[in-house]
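Just so it is clear, the model here is predicted, and its values are computed rather than measured. Just so it is clear, the values below take in all heavy atoms, side chains as well, and ignore hydrogens, waters and symmetry mates.
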Amino acid sequence: MAERRLKDCVALVTGGSRGVGKGVAIGLAEAGATVIVTARTRNSSSGAEWPGSLDETISAIHDSGGKGVGLLCDHANDGSVREAYDLIRRDYGRLDVLVNNVFAAPNVMPVNVPFWQLPTSLWDTLHHVGLRSHFVASQFAVPLMLPQRRGLIVNTSSGGGVRYTFNVPFGVQKSGVDRMARDMAHELKPFGISAVSIWPGYIKSEKLSAQPDRVPAALARLIAERGETPVFVGRAIAALAADPDVIVKTGQILLASELATEYGFTDVDGKIPPPPSRDPAPLSVFNPAAAT
């Protein structure tokens, strides 16, 4: 990925201290973009529970030969988001790519717990930072894209948008992210701005490495066997951003592996991982609790 196709591109990745967000930031930076990353954790000494920080992501961007800037931002706070965008407007005067990735996942995601037994706070947590946050970030982003009559908004999502995964609030959040991209695309197309949703496959993340039992054992085995690095989806988004005809894909749900076949990129090991299924049938690991 030495070709610097995005050398004049300014990109913002929300929630980029670890996982998919970090991988997306690296993938965009590899392609030459200036990547602005938001997160709440500045460095590893700030008491974060999970591995990863803004400083580590920016260091990885620089190691890839790219340019990165880390902004502390709490996407649960609209004022904090406004301040981040004020800095982008002041320092760059434009935005070409927004990747809505921030997601407030609980320490342990409830699995197969009936919705009437879940705390309502889980719904609020997943949808405040993970759905509402994407709407707010997009509202701030579009005015920075309009003068160019071009831009790309990407919502990271998963197959949980079409099939039962973990629990009801999780699935509704993913479905909402996908629908948001489709409806934003309808309103943005006349202005030359594209909006899509992208599904990575099974992600090998820092959280899973730190706590392997945070997902069901069968799912952990799938990730080990078929998983991909977060950089892979970053390369997918970089390919979209560099495509002069990306508007033809606006409003769609796109799979990183399918884009790899189309655009000719691979994961860091030189391979193309298998794509996630679009089948709405739940994975066997997600079965409703037996009635008692």
Derivation and outcome, side chain to side chain donor-acceptor pair (under 3.5 Å), residues Thr156 and Asn101: CA-CA 5 Å; Thr156 61; Asn101 174 75; 3.0 Å; yes
Interatomic spacing from CG in Leu283 to OH in Tyr164 - rounded to 0.5 Å: 12.0 Å
Lys/Arg N to Asp/Glu carboxylate O, Lys174 vs Asp178, below 4.0 Å: no
Presence of salt bridge, Arg132 and Asp78, under 4.0 angstrom: yes
Check: Arg18 and Ser53 side chains under 4.5 Å, non-hydrogen atoms: no
Min side-chain heavy-atom separation Arg182-Val196 under 4.5 Å: no
More than 12 heavy atoms from other groups under 6.0 Å of OH on Tyr263: yes
CA sep, side-chain torsions, deciding dist, call: Glu83, Ser80, side chain to side chain donor-acceptor pair (under 3.5 Å): CA-CA 5 Å; Glu83 289 175 4; Ser80 181; 5.2 Å; no
Steps toward side chain to side chain donor-acceptor pair (under 3.5 Å) verdict (Ser138, Asn100): CA-CA 8 Å; Ser138 300; Asn100 284 313; 3.0 Å; yes
Main-chain N/O of Ala31 paired to Arg235 side chain as donor or acceptor, under 3.5 Å: no
Residue pairs involving residues 275-286 (criterion salt bridge (charged side-chain N to carboxylate O under 4.0 Å, His left out); sequence neighbours excluded): Glu258-Arg278
From CA spacing to verdict: side chain to side chain donor-acceptor pair (under 3.5 Å), Thr229, Asp267: CA-CA 7 Å; Thr229 74; Asp267 204 346; 2.5 Å; yes
Option from Trp199, Phe265, Tyr202 for which ring pair (Phe, Tyr, Trp, His ring centres under 6.0 Å) with Phe232 holds: Phe265
